[in-house]
Structure formats: C-alpha cells, structure tokens
Amino acid sequence: MAESGLNDDALETAEAWIGEGRRVALATVTHTWGSSPRPVGSQLVVREDGAFRGSVSGGCIEGAVIGEARAAIGDGRARTLEFSVSNERAWEVGLTCGGTVRVFVSRVG
Amino acid sequence: MNPRTLMALNDARRDKRPVVLATWLDTGDETLIAPGEAPGAAIAEAVAEAFASDRSASVEIGGRPLFLHVFNPPPRLIVVGAVHIAEPLAALARAVGYAVTVIDPRRAYADTERFPGAVLLDAWPDDALAELRPDRRTAVVTLTHDPKIDDPALRFALSAPVFHIGALGSKRTHARRIERLKEAGFPDGAVARVKGPVGLDIGAKTAAEIALSIMAEVVAAQRGKLA
C-alpha cells in the first residue's frame, strides 16, 4: 500500500531539498527476510549534512545507512547494503530488532 | 536517481495516478512505468503483478536484479451517513492513510468542519457513488440504519468491485437488510459480501471504539486477513 500521508514523506522531502539546492541520496528497502520492522519500499532521504527524513528500519540501522548515503552523495555510486542479525556489522550498528534487510542507496542527480 | 524521475514520481503521487518505479539495482538506472506501459513481456508481467498485489518487490529479469516500487494512490473509504460515528471513523481512516469521502443527503449533517481532511458530499448515495466510481481499492461502509439512505449505497456497492462492504446495525436490522437486498434481486453469494454488523468484535461501546473496530475490519479486509 502507498505510504500514508504523514509528514515524514521521503520523496516529497527529497524534492524540497533539491529545490533548495541541497545534495541528497535516497535509501530504499528492497528485500526483507524474517521479522524486519519496516516493509519493502520504505524510504529514507539523506542530505549531504546528514539530515534525514523517513525510515528504513525503525531506528536500528539508520546510522549506518546515513553514512553510506553520504558516501553515495560524494562518489555518485549506487550501492546495495545488507544487514542481518548474523552479520557482525549489524550487531555493531545495533540491528537488535532481528531479521535481515537489503537497502538500495543512490544519489539523486 | 535522475531528479526528473523524482519530480515525475511525485507528480504522479500528487495526481493520485498509479505508477511503478523500476530500478536496476546493478546500475541504478531507473524508469517510471504506468499501468499497461511496461517495456517487454517479462517486465510487463512483473509490473502487472506488483500493481495488482500492491506489493513492491525485487525480481530478476534477464539475470539482472530489478526493484519494482509500487506507488498506488491511497485506498479509499466511502462512508454513508455523516452520523456521530462517522467523525472518529473518518479521522482514523485518514491516519491509516485512506482517502475518505462522507456522503449524506440530509442537510442537517452537511457540516464540513466535523470532517477535517475528508470530502463531504451532500447527495444521495447512489448518485454520489456513480460519480466516485468505487474500485477494488475502495471500501464502502454504511452507518445511517435508514434503508432509504443505506440500501441504495449497498445496492451500488454490490455491483462494484470494492474490497469491502460493511453496514452498521444490529443483527436483526442486518437480517432485514439482507432480505431486502435479496428481494431486490441479489443472489445469496452477493449479499454475503455485506458484512453486518460492521466491525471486528472488540467489545466496542463508544463511538470512537466502534470506529476503531470498523477501521480494523477494513484494514483486515484490505490485507486479506478477514475470516
């Protein structure tokens, strides 16, 4: 289902930030296994200064995703990230909510 | 992502046009696809499935990973009867992400301030519904208990592909309603689509609780979880 009309709409925010001349990247959940907290299609928009709107996990992996999004803004390369409880990095970033998610990150522009 | 794609996607969402954003995950190249406009049979089939199921998904096309992100317009709830329960129902539906229309032909109820964020139509339900053209992403709930107002809405809804039809009223009221619909020529299988009394049994007493039980039932129906 379409995301609800709440004010954390990542795509609207992305357009507004670009309109202000900011550099942004979008992160999108493309695959989930197990008890992932946010469904496929959930989005997070990140600005070059680290500001963000939306969510891809309900808080567990946002920090790591924001870091990769800022890297994507810098080098323009799209990337796919994967986080799971069996993944050392996930523990590091605190994916204590369990499950596995794959997140696609790409710069707008 | 191309900024022009982002603008076009947001335009489609604002205009309530369904669209799929298809992104090749290996290169990051993307394209917007409207219903029936997919390039190639393999992609067309996957896109049609994504639209129909309302589920975004990663698929493999020619050995390459393609992410199909579905942007369907919000589902609609059409409420017949601008009665007291309609107020919390409209508010809850809106919070859940539904586009809400309230229909009531009675002038006394036509106060838009009671329904912030909803469209209030001062019209007979069958006329209003003919205009609104309820589809498979629409639920219709009648609240008036008045056959003059509820029945035309139910007859119209039964002839439409809506995903849920509910009618407020006691079991006795509902039994009489079913009889009237059968007399109007609807077969048993069709009238069984009208859920009455509408709402999941959560022991609701207040208007807000009844609205919550109705909205829970609508969500369950849309998610395919209604027994």
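Numbers restart at 1 for each chain; the letters A, B, ... are given by sequence-line order, proteins then strands. Because the structure is predicted, anything quoted here is derived from the model rather than measured.
Contacts of Arg14(B) with chain A are made by side-chain atoms alone, with heavy-atom separations under 4.5 Å and no backbone atom involved. With a 4.5 Å cut-off on non-hydrogen atoms, Thr5(B) does not touch chain A at all. Contact of Ala99(B) with chain A is not made at all, since no heavy-atom distance falls under 4.5 Å.
Within 6.0 Å of CZ in Phe52(A) there are 12 or fewer heavy atoms belonging to other residues, nucleotides or ligands. Counting non-hydrogen atoms of neighbouring residues, nucleotides and ligands closer than 6.0 angstrom, the CG atom of Asp201(B) reaches no more than 12 such neighbours.
From Thr28(A), atom OG1 reaches atom CE of Met1(B) across 7.5 Å, with rounding to the nearest 0.5 Å. Atom-to-atom distance recorded for Phe104(A):CZ and His69(B):NE2 is 12.5 Å, nearest 0.5 angstrom.
Most heavy-atom pairs under 4.5 Å with chain A, from the set Thr23(B), Asn10(B), Asp26(B), Thr27(B): that is Asn10(B).
In plain terms, the two heavy atoms of Arg13(B) and Leu11(A) that are nearest each other are NH1-CB, 3.4 Å. Shortest non-hydrogen contact noted between Leu25(B) and Thr80(A) is O-OG1, 4.3 Å. Closest approach of Val29(A) and Phe67(B) over heavy atoms only: O-CZ, 3.5 Å. When every heavy atom of Ala78(A) is checked against every heavy atom of Gly28(B), the shortest pair comes out as CB-CA, 4.3 Å.
Judged by distance alone, with hydrogens and angles left aside, the side-chain atoms of Thr30(A) form no donor-acceptor pair with the main-chain N or O of Ser58(B) at under 3.5 Å.
With sequence neighbours excluded, no residue satisfies side chain to side chain donor-acceptor pair (under 3.5 Å) with Arg136(B).
For the pair Glu15(A) and Leu9(B), the minimum side-chain heavy-atom distance is 4.5 Å or more.
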